[in-house]
Every structure is written in C-alpha cells, then in structure tokens.
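Here's the structure we're looking at; comments come further down.
Quick note on labels: first sequence line is chain A, next is B, and so on, each numbered from 1. Predicted model, so just to flag it, every value in this text is computed and none were measured. For the numbers below, each heavy atom of this structure counts, side chains included, while hydrogens, waters and symmetry mates do not.
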Amino acid sequence: MIQPWQWRWSRRGLMYLIIGLQLVILAAIVASQEINRLLDSSFAVELEITQTHAQKDPFRGASISGRPALDLESARVIRSPRQFEDGDKVLVFFGAEPDGRPQVKQIELQGWGKDLPFSKERFSIPGTVRKKTADRSFFPAQRVMVVLVGKPAVAVELDLPATIPIDTSALEQLSRPGMVQASLRQGFLGHRYFDNIRLTGQAWTDEMTFSYDAIRDRLVVVAPEGLNFERMRQADDQPLRTRLFFFDGTGKELNAVEVSGRLVYGEAHPTDGTFWALLATERWGHATVQLAKIGENGVILQRGPQVGYDRIVGFDAEEGSLWVLAGPSNPPPGTAHFVERMTFGALHAPRLGPFASKPRSVITQGKNVWVVEADQHRVTRFDRTGRVEKEYRDLNRPTNIAIDAGSLFIVEAAQTQLSRFSMEGQALWRTPRFQGISWILPEPGTGGGWVGAQSFEGQARGVFRYNPDGKVSHAATAGALQTTRGVWARPDLAPDAIRSRTNGRLYLREDRTIVILTPDGAVLKRIEGFRYTTQQRVRS
Amino acid sequence: MAESSEISPEVRARLLRESLDNWRNEKLITEEQHKLLLARVFAAAPSIPPEVDQRALSQERKLGRGVTILINLGAVALAAGLIIFFASNWIEFGRAAKIGSLFALTLFFYLVGFELTQEGRWEFPKLGLALVFLGCVMFGVDILLLALIYDLKAEHAWAMMMDSIAWIAVAYLVKSRLVLFLALIGVTSWFGAEVGYLWGGYWIYLGRPFHFIGLGALMIAISGLHAWSGQRSFAVPYAVVGLQLIYLSSLILSIFDVQKGFHAVEWQAPLAVWLMLYGPYLLAVAAIIFIHLRWRRTTLTDPPALAVLFLFCLMLLTNVIAWTPGPREFWFIALLTLLTSAGIYLGIAWESAVFVNTSIVFFAINIYTRFYEYFWDAMPKSLFFIVGGATLMAGGILVERARRGIIRRFAGGAL
C-alpha cells in the first residue's frame, strides 16, 4: 500500500515535472529566437522596404510594417519541373539585380544543406506553397508576402517578419509612409530577420499626384501629408502641409519644399515653370478649393477665389486658369450647363455651352477647346472664342480623348474601345477588346501612341502601343504597370500618365509608385518615394 | 487543542466521515478499513438530533462557500491587478524584462498554487486551485505574448494543442474541474482551428460546424468513462462541453445552411480532415463498448441503451446529410429536436441533472428559433413579442417546475 507521504511526493514530483515541461516549451521558443540572432554571422543582404507604416501597441511596442521591394511576379524566369504540393516547405532564391528589385531565380524544397549561405549575388527566403490563387479557399493572411512562381503560377507565402521593432523615439519620423533600408539576415537557425534598420526616405499616400515640368525636364510630385490615427486625434492642432518633391527627368531626387496647406493637384507652367495648384480650403476632403500660384521655395504667391471642386472640369496651367461650371454642379434636371474659364480674378469669357449634361472634362490644346460629354455620348470642339467648330456624335460614352496628327483619339464604350476620328468627324478605325483603359498618350505627329489598360485580347495589364492604323501590341516589359486605376476612381484632373515632349520618356502612375519608361517601353526607374540624402537609424 | 474548541463535534464527525469516504474512493484504505473507522467515528461522536446535524451542516457549507467565493474573488482581483500593472508598464519593459516577468509569474502561480493545494505544504486548497488556474491561463498567455514579442507567425492550432495538453495534465493532477473546463475549451478551440486550417478556412471556421458534433459525442463518451470509474465530478465538465458542442452545432446548421452558401460540397477535404471528422466517432464507439462491457449495469435492449445507439446513428447520418446537395435545414431542425428530446429522456433515465438542464435549455432555444423563423414576417411585431413573451414566461414556469421535480427525485450521486 502506498503511504500518504509517498503519494504526496509523487504528486508533487509529477506537478513539478509538468511545470518544468511547460517552462521548457517556453524556453525553447525564446532560445530558438535568441540563438538564431546571437550566433548568426551571415552576410547582410540590403533590402529596401517601401510603404512602411509605424505603429505602437502594448505588446510589441513600436514597430514598422511594410513590403520589401522584391519582384514577386517572376513567372518568366521559373523553369521548375516539379509540381509543388500544397503545404510544401520551400526556399525561394532571389538574385540581386543591379538597378532593380531582386528577382526570383529558383525555388527548391527545403532540406538538409539546401539553405545556402547568403552572398552578394543571391539570398533565399523560406516559404510555404499554397493553393493556387484561383482557388477560392486561398486567402493569404494580411501582410503575408505571396510570390507567384512558375506557369501555371504557384503561390508561395514568404516567411518574413510581418513587423520590425523600432525605437519609440523614431515613431514621429515614421508618422507618414516611409522608405526603410534594412539588412536581411539568414539567421543561425534559418529564421530570417531584419536588423540595421534605417529610415531612407518618404513614401507617398493615395493622395499623391504628379506632373512634369517640360522646361526644366523635371518631375514634380505633390504629396499632401496624410493624417494617421494619432494625428487625427489632435488634427485641429496640426498644421496641414504638402510636400513638393522634385526629381530630374530620369527620376533622380533633386529637392523638396514644403507648402502650407493641402494641395489637391498641381502643374508647372509650361513656359515660366511656376507651379499652379489647387489648394483645399478645408481640413478634410477637398469640397472647395482655390487656384494657387506657388513659388520655387514653396511660398504661396497668389490665391484665387474659392470654388466647389465638383464644379471644376478642366485645369489649364498654360493659361493659369480653371474650366468651371458656371452654375451649380447638380442643377435641377433639364437645366442647361455652361462652362467658363476662372482665373485669380473672376470668371472670364468665353462661356461654352449650353450642354444638356455636366461635361466630364474640358481640354485646351492649341487653338481649340474640347469638351467631353460622357452622358450625351458627344465630344465638342470649340474655338478660343467659344464658337462650336465640330460635334463628334457617333460615340459610345467617351471618357478620355487625345488630339494628335490631325486626329481625335477617343476612349469609349466603358473604357473597352479605342477609336480614331478625323477632324471632320469620320471614324478612321475602332479597336475594341480592351478592358479598363485608364489613360491615352499620343506620340506627337505620328498618329500612334500608348494606352494603359487592364488587358487587351487576354494579354495581361500593362502599357499597350497603338499604331496609326489601329493595330495594338504590348509595349512595356513585364513588371511595368502592375496596377492601373479605373478612370472613374481617380481624380479627374490628375493624369496617370505623362509623356515628355523633349526626350519621349513616359511617366506612369502605378498605385503609389511612379514608373519611368524609356521611349521603347523599357522600365527606366520605379520611384516609390523620395530618398533623403542621409540615412537615419530607427533602431539602436 | 484550539481546533477542538473551534469546530463543533458534529462538524468534526462529518469532516471525518467525508475524509474516510475520500480515502476509500482514492483506494488509500480498503472497504473493510473504511467501515471499521466509520464505526469508530460514530461510536465516538455524541448522539445528535438529526435536525441539529442538518442545520450545522448547512451552516458549515454556507461558510465554506462564502470562503470559496472570497478566495476566488481575491484571486480574480489579484490577477486583474497584476494584468493591469503589466499592461500599463509592458511597453516600458525591455525584451529581457518582458520575458523574465512572464516566466516568473507563471512559475509563481504554479508553485505557490500547488503548495497551497491539498497535495502541497500549506493546505489552503481553494486558494491553491485558484492560483494554479491562473498559472494555467498564464501559460497560454505566455505562448501568445512570446509569439508577439518575436513576431512569430500565429500558429493557433499548435499553440492551443500544447496549452490543452498542459491544462489537462494539471487538471487531473490537482483534481480541478475549473482547470478541466479550461482544458476542454482549449481542446475544442484546437480541434476547430486544426480542422479549419486544414480545410482552407479560418480559425474556428463555422462554415461546416458538423465536425464539432463528433467531438461532442466523444466528450460525452469520456464523461461516461469517468462516471464508470467513479470520478463523477470530472464527468460533469465533459458532459457539459460535449452536449453544448452537439447542440450548438446542430442549432447553427438548422439556422443557416452555411455549407451551401460557401459551396463546401464542392471542396475536397484532405485526409487529415476526414480523420478528424470520423476519428472522434470511432473513439466514442470504443469508449461506449468499454463502458458496456465493464460496467454491466444495463443491457443493449434497455431503452436508454437503444436511445444512445439511435442517437449515435443519427449523428453519423448528419455527416452524410451535410455532404449532400440541396436544402438541408429541415434535417438539422429534426436532428436538434430529436437530440434535445432524447437528451431530456436520457437525463431522466440516468438521473443526470446536466443532461436534463442542458437539453431543456436547447429544446427551448430550438422552439423559439423556429418561432422567429416562421412567424417574424408573418405576424405583426407587437403580436410576435406578446405571444413570444407570454409563452416564454408560461413555458418557463411549467418547465422549471417539472425540472425541479425531476432533479429532486435524482439520487445524490447523479451528474
């Protein structure tokens, strides 16, 4: 028979054993992470992390999250014969690119000796193969990086830290989207981690717009300072600011100035280079704006009268004026609409109209003013005195137009068709089978040009080249223009694509990034933010 | 002998009697020794009128309950204070301090808690169990916080499985029903997460909640095993959690045909999911066979045994129905009605308050769910609430009276 003291001892022993096992489990979690870093002597791969946002929570403390600048769609370079199974643990090998993002070079199943040491040329990130993205049951978790490799594409969730700890003192500097440089380390036990975290620049929000200064061959990015949650709570005390970032034509950072107030959009004057912008008059939104002239140092030199933003249908930096609706933007049904020019003084002649519906846009080019009426399926050409020269009626809901080589190019039919008309109104060709044409840029004097679209005849989204005869081909290399915005989603006044008349380069908006393409369609540079001249450590 | 003067002779006799019962149950003493010692206790105890004994016992129990409530409240207040202290200062702590405090708190709760239990050095069992419970919670929190500190990917299923194993071990070692409840909640969470992730869904994915029915059946079978082995206090948590899993899953399935909405029938479940769907049923069958062979208190032709077999087949059929295309809500309504009715019957037959109470509650929820489904649109809202409220009150009084009558008739040893 067991004596009570023996029974008690054995129970205590068991309990201590269970407690000990629990502590061993906890210690294993801690030790695996600490040893991974303490004994790591791997080569540090420098990675840029874009669109970083700082946050602070009671458990993690201050940290940043963002997306490492990796080329994640590398279908063309993968020639892996193996069909990976769902849940396979793999290593995704990236190769350094001299002037671009690291690209996927190889994918291998994880195994003993497979995790080769990092080098200058290549590094690897562990990942897990997931079902194809077409499968509805696959929902990659938020902030998990998914690389698509092979054809048909295999999705691999990359096992990278979702957040990187920073010093609390660095939070203020990272209150706006930032660009961070970090060293990716292999880890002694193979757990990847980042160290040597440095703030290198400022990234942009969705409110970013850009324009091109042809006189100085420079790109101007208008970046209103976003208000994050912390700032929103004390928004009334915070002055609103907008930063103007200047880049040269190749995308190299020049300088930045700060403008007091929130700019909605701006363009450089094509002859004297002064900056003309729309300045929001309220703290939130841009229901009413003012035309403003801004000096080189960011000082507002002149302001116009307040005008409702939804009344503005055209921006003419050359004349330093706006095209605005003469009456309210939503008058009673049946009321005729008129368009007038507005400068710093007041409304000016000519008065264009009447129009049966609210014009979508007004474009000034050469001796003519063009008015696009999507609801009336009409484009009207006026002379500078306001006299109607020609109405183009044989259209299907036009949204964008371009004038070049004695022709009118029109995006119509819910952004699915590109059409060319002669000045006399004769349809020269119509090219359907597009999806989501978001912009059109003619190549001056040739009759050809470029459009940005979600797809054309099943080809993936990108920049498409149209020839004078209406034939269309994929223009840009894969990887350019990873996203396009719908015409109805973006601000009407801010263009998503600009062409430099002097050197033929194309400047395209891709989400929060500006992509510079050479005249032959190759990616020259991807501008994801403005890099400072010095880097600042954000973790001691 | 200060203790003798503080405790009345009748209470001391009761304590001795209860201790003797416990020692016999724990097989520390034999039946003969138990009888012998019991006889001596009663021979030594003064003759007490039965009404006096009952009154003293009642007072002592009330006092015991009061102390338990105070101790548990104190444990909750202590835990809340510690949590607030650490939550307020957590962000100021360095990584080493964070990890050190997690380890220290866990160790403190476990060690001090265990030493305060009956098995420890200082016998203050109520407080000891409360602290051990906090230690268990702390272990779960540790894993979560370490994952946050090191930014590890949240492997809910893995973490919950470890938590559950540790909690079950502790529950049996210190004989705590509270910890066992925590462990069973952990097991349910782990099971839901594992099936959910393997099936391509989210944590505790309720798109196909019928997988919880099998788990519920297994838990009830384990409850039966505990009842057979004389550990009736541990049988209750299994029965409560098992019944709730079965009834809640059936209720959800009878309200929304979520599977159809998510086109689950078109999906392919991996082998592991199939094992987790049908494995619990196999284990439950094994447990039932074991109980039947070893206990021998019933034959297969007894109505309760037949009811159990029928319910088992019904639950298996649920899995088949769940994979068929077309409307299935009716099946699940019938299933819930049959399950709750049979649950009440089995509760009466087995004299189980847990079965009766839980089944009556879900039977009523089922009726009112149907009332809402069929009459919300058809009736004026005022009438809907008048009829609903009046029947709820009348039905509640009638059912409660019947339930009390049933429970009163049960023998003391029922679940």
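- For a residue to count as touching a neighbouring chain, one of its non-hydrogen atoms must lie under 4.5 Å from one of that chain's; by this rule A/Y193 does not touch chain B.
- Enclosure of atom NZ in B/K35 is not indicated, since only 12 or fewer non-hydrogen atoms of other residues, nucleotides or ligands lie within 6.0 angstrom.
- Using a 4.5 Å heavy-atom threshold, the side chains of A/L26 and B/I143 count as touching.
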Checklist entry - Passes side-chain contact (heavy atoms from CB on, under 4.5 Å), A/M15 versus B/Y110? Steps please. => result CA-CA 9 Å; A/M15 185 66 190; B/Y110 269 139; 3.9 Å; yes
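- Two residues are said to be in side-chain contact when any heavy atoms from C-beta on lie closer than 4.5 Å; B/R95 and A/Q33 fail this criterion.
- The greatest number of non-hydrogen atom pairs below 4.5 Å with chain B, out of A/T168, A/I19, A/I164, is found for A/I19.
- Between atom OH of residue B/Y150 and atom NE2 of residue A/H191 there is a gap of 11.5 Å, rounded to the nearest 0.5 Å.
- For A/I25, the part lying near chain B is the side chain, with the backbone staying farther off; criterion is any non-hydrogen pair under 4.5 Å.
- Proximity to chain A (any heavy atom under 4.5 Å) is shown, for B/F109, by neither the backbone nor the side chain.
- A/I18 pairs in a side-chain contact (heavy atoms from CB on, under 4.5 Å) with only one of the listed residues (B/V170, B/I165, B/V174), which is B/V170.
- Proximity to chain A is absent for every atom of B/L102, based on heavy atoms less than 4.5 angstrom apart.
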Checklist entry - Should B/L146 and A/V30 be marked as a side-chain contact (heavy atoms from CB on, under 4.5 Å) after you check the CA-CA gap, both sets of side-chain angles, and the distance that decides it? => result CA-CA 7 Å; B/L146 286 177; A/V30 175; 3.7 Å; yes
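- Rounding to the nearest 0.5 Å gives a distance of 8.5 Å between CZ of B/F139 and CG of A/L23.
- For B/L173, the parts lying under 4.5 angstrom from a heavy atom of chain A are both the backbone and the side chain.
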Checklist entry - Hey, mind stepping through A/Q22 and B/M162 against side-chain contact (heavy atoms from CB on, under 4.5 Å) and telling me if it holds? => result CA-CA 9 Å; A/Q22 291 181 42; B/M162 282 205 309; over 6 Å; no
